[in-house]
Every structure is written in C-alpha cells, then in structure tokens.
Amino acid sequence: MINRTRCVSVLGMTVAAGFTVVRSWGTFRISHRLKMPDGTWFITNWGDLTVDCLTTGGPTATVTGTLTRTTPGGPWEEMLKKHERMGISFYVARKGAGPGRIGLSGGPGPGDGPLRKCMAPAADAPVLNGGYTLIDKK
C-alpha cells in the first residue's frame with residue numbers, strides 16, 4: 001500500500017509516425033513511503049533514474065530508467081549496484097473517480113533477465129496521500 005508518492009521529473013521524448021517511441025531522455029525521481037504489513041511505516045524510499053523510455057496515453061503513463069541514486073540502505077540499493085532498470089506506471093483518476101494508482105517494478109528475479117525498455121507493471125497500488133500530475137505537452 002503506498003501512502004505518499006512524489007514524482008519529480010524532467011523528461012522528453014521523440015515520437016515517430018505510428019507513435020513509436022524513438023528517443024526518451026531526462027531524469028526522474030520517485031519518492032514514496034510504504035506501510036508495512038504489521039502497520040509500521042517504512043522510511044521514505046526514493047530513487048533517481050536516468051530515463052530510457054516514456055510513453056503516455058490519456059490518464060496513463062509508463063516510464064523506465066536505470067537507477068543512478070537511491071535511499072542509502074533502502075530496498076533498491078542492490079538494484080543500484082547492478083545498474084538495473086525499473087519500470088513505473090501511473091494512472092491519474094478523474095476527479096471523484098477514486099484514487100490515482102501507481103505500478104512499480106522491483107528488480108528481476110533469478111533467471112528472469114533484465115526488464116526491457118518501456119515495460120512496467122499495471123498501476124494497481126492506490127495512492128492514499130500525496131499524488132502526482134501528468135501533463136502532456138503536445
């Protein structure tokens with residue numbers, strides 16, 4: 001369950017005819033706080049990524065990138081050492097249509113191979129506090 005999510009980003013992309021992402025660039029930070037199953041709060045966890053793919057459509061967006069910095073001692077520290085890619089998806093609910101949602105990949109499991117560009121899990125975790133805004137600059 002995600003309590004707070006704050007995303008700070010400077011992103012851009014070049015799209016070819018047929019909406020194929022040709023090039024994405026920029027940096028992205030995600031910061032969130034998790035409630036553990038026992039009801040205690042985990043420290044605020046954050047990660048900075050170098051973006052390699054950004055896709056948007058309506059109220060959804062997916063971004064992937066390689067971790068460049070993370071919470072010291074946090075759950076993504078091993079992923080940082082391995083320069084692993086993460087995928088994050090967003091769903092921004094219309095006003096009055098329930099909470100926004102976020103999907104966040106972890107590192108690949110043994111034998112899974114690396115996460116591919118532009119891939120992220122479904123935005124299934126409700127954002128309970130805080131939030132984010134997607135702005136499509138056409």
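Numbering of residues begins at 1 and proceeds along the displayed sequence. This one's a predicted model, so the numbers in the text were calculated from it and none came from an experiment.
Atom SG of Cys118 sits about 7.0 Å away from atom CG of Asp52, to the nearest 0.5 Å. With rounding to the nearest 0.5 angstrom, the CD atom of Glu77 is 10.5 Å from the CG atom of Asn45. In this structure, CG on Leu104 lies 5.5 Å from CD1 on Ile30, to the nearest 0.5 angstrom. Here OG1 of Thr64 is found 11.0 Å from CZ of Arg116. Values are rounded to the nearest 0.5 Å. Atom CH2 in Trp46 sits 5.5 Å away from atom OG1 in Thr71 (nearest 0.5 Å).
Put simply, the side chain of Trp76 reaches to within 4.5 Å of the side chain of Leu67, judged on heavy atoms. Put simply, the side chain of Phe28 reaches to within 4.5 Å of the side chain of Ile88, judged on heavy atoms. The shortest side-chain heavy-atom distance between Thr27 and Val51 does not fall under the 4.5 Å cut-off.
Using modelled atom types, one side-chain atom of Ser89 and one backbone atom of Ala123 make a donor-acceptor pair closer than 3.5 Å. In this structure, the side chain of Arg101 does not engage the main chain of Tyr91 through any donor-acceptor pair within 3.5 Å. Remark: side-chain polar atoms of Arg85 are not paired, donor with acceptor, to backbone N or O of Thr66 under 3.5 angstrom. When atom types are taken as modelled, the side chain of Ser105 and the backbone of Met86 share no donor-acceptor pair closer than 3.5 angstrom.
Nearest approach of Gly87 to Ala120, heavy atoms of both residues: C-CB, 3.5 Å. The minimum heavy-atom distance between Ala93 and Pro99, with the atom names listed, is CB-O, 3.6 Å.
Here Glu78 pairs with Lys81 under the salt bridge (charged side-chain N to carboxylate O under 4.0 Å, His left out) rule; sequence neighbours left out. Taking Arg69 as the reference, Asp48 meet the salt bridge (charged side-chain N to carboxylate O under 4.0 Å, His left out) condition, with sequence neighbours excluded.
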